[in-house]
Amino acid sequence: RIARAEQYHDERVRKAESDADDRVAKVERDARERAREREDAENAAADAAVARARQAIADVDERTRAAEKKFAEFERDHAVKVSKMEHEAAENARRLEAKLLEQARKTEAEALVKMRDA
């Protein structure tokens with residue numbers, strides 16, 4: 001009877017140890033799974049951050065190209081305006097010179113007429 005009780009006790013101890021080992025293994029598996037899930041979530045967050053950073057860089061590049069294009073257009077427009085203004089200034093100078101020459105001729109002609117009359 002004592003032998004059976006000891007045998008029964010030993011079986012219960014072995015079963016309890018086996019159950020405890022199973023529970024420890026399950027807890028460890030669950031912990032590894034949670035760690036894997038946490039790592040996956042962290043990797044996904046890092047990937048998303050990298051994607052946002054790349055998009056921000058692309059946006060800045062796009063705005064930079066647009067600004068450079070606008071500036072180039074401004075420079076072209078400015079060069080055209082400057083050329084037009086220079087052309088107009090040269091034309092105005094020619095007209096003014098022609099007027100002054102005409103006035104000088106008139107004045108000279110009037111002076112010659114007065115000298116003849118005198």
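Residue numbers run from 1 in the order of the sequence given. Nothing here was measured: the structure is a model prediction, and the numbers come from that model.
- Glu91 has a carboxylate O that lies under 4.0 Å from a charged side-chain N of Arg94, or vice versa, which qualifies the two as a salt bridge.
- No side-chain N or O of Asn92 forms a donor-acceptor pair with one of Glu88 less than 3.5 Å apart.
- Taken to the nearest 0.5 Å, the CD atom of Glu68 stands 11.0 Å off from the CD atom of Glu75.
- Atoms NE2 and CE, on His78 and Met85 in that order, are 8.5 Å from each other to the nearest 0.5 Å.
- When side chains are defined from C-beta on, Arg32 counts as touching Arg29, because their heavy atoms get closer than 4.5 Å.
- Met115 CE to Glu108 CD: the interatomic distance, rounded to the nearest 0.5 Å, is 10.0 Å.
- At distances below 3.5 Å, not a single donor-acceptor pair connects side-chain atoms of Ser83 with backbone N or O atoms of Ala79.
- The 12-atom threshold is not exceeded at CD of Glu97, counting heavy atoms of other residues, nucleotides or ligands nearer than 6.0 Å.
- Summarising the local packing, CZ of Arg95 is surrounded by more than 12 heavy atoms from other residues, nucleotides or ligands at distances under 6.0 Å.
- Interatomic distance, Glu62 CD to Ile57 CD1, rounded to the nearest 0.5 Å: 14.0 Å.
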| task | Begin with the C-alpha distance, continue with both residues' side-chain angles, and end with the deciding distance and a verdict on side chain to side chain contact (heavy atoms under 4.5 Å, CB included) for His9 and Arg12. | result | CA-CA 5 Å; His9 175 70; Arg12 285 186 50 108; 5.5 Å; no
| request: Could you please spell out the steps behind the side chain to side chain contact (heavy atoms under 4.5 Å, CB included) verdict for Arg4 and Tyr8? | output: CA-CA 6 Å; Arg4 268 187 278 158; Tyr8 176 73; over 6 Å; no
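- Atom CD of residue Glu110 and atom CD of residue Gln103 lie 10.5 Å apart, to the nearest 0.5 angstrom.
- Between Arg36 and Asp40 there is no salt bridge, since no side-chain N of the basic residue sits under 4.0 Å from a carboxylate O of the acidic one.
- A 6.0 Å sphere centred on CD of Glu102 holds more than 12 heavy atoms belonging to other residues, nucleotides or ligands.
- In this structure, NZ on Lys106 lies 12.5 Å from CG on Leu101, to the nearest 0.5 angstrom.
- Between Arg14 and Asp10, the closest side-chain pair of non-hydrogen atoms falls below 4.5 Å.
- Between Lys26 and Asp30, some side-chain heavy-atom pair lies under the 4.5 Å cut-off.
- Asp77 and Lys81 are not joined by a salt bridge, as no carboxylate oxygen comes within less than 4.0 angstrom of a charged side-chain nitrogen.
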